[in-house]
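Contents: one structure, followed by commentary.
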Amino acid sequence: MITTERPSRRTEAEKAEAFAEYISRTEPYFAKILDDGDRVWFGSEAERRELFDRRYVQPAPPAGMERIKSVREYAREGWS
């Protein structure tokens, strides 16, 4: 899980490289969709990038949910 306390270990250059690899791997798939006369689910490369980058951001917890400080707080005697 990625949080502000523990941000992604990937640098911006590594993220850009991962996105470029993602684009190159998915191009044949999306080209086939277009060749078959259908349309792809995205409108632009910017939309694809925005969706791809979501993996590096942790969503906010639900309202009213208490933050867990540590799993150790919940450990009971006898747990391994």
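Source: prediction; values computed, not measured.
With hydrogens and angles ignored, the 3.5 Å screen pairs no side-chain donor or acceptor of Glu27 with any backbone N or O of Ser24. Between the side chain of Thr11 and the main chain of Glu14, a donor-acceptor pair closer than 3.5 Å is present.
Contacts of Glu66 classified as side-chain hydrogen bond (donor to acceptor under 3.5 Å, both in side chains), with partners at least two apart in sequence or in another chain: none. For Glu50, the salt bridge (charged side-chain N to carboxylate O under 4.0 Å, His left out) partners two or more places apart in sequence, or in a different chain, are Arg54.
Nearest heavy atom pair, residue Phe30 against residue Arg48, reads CE1-NH2, 3.1 Å. Pairing each heavy atom of Arg10 with each of Tyr56, the nearest pair is NH1-OH, 2.9 Å.
Side-chain contact between Met65 and Pro62 is present, with heavy atoms from C-beta onward closer than 4.5 Å. Put simply, the side chain of Ile23 does not reach to within 4.5 Å of the side chain of Arg49, judged on heavy atoms.
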Validation: residues 36-46 side-chain donor-acceptor distances under 3.5 Å, sequence neighbours left out:
| residue | atom | partner | partner atom | Å |
| --- | --- | --- | --- | --- |
| Asp36 | OD1 | Lys32 | NZ | 3.0 |
| Ser44 | OG | Ala46 | N | 3.4 |
| Ser44 | OG | Glu47 | N | 3.2 |

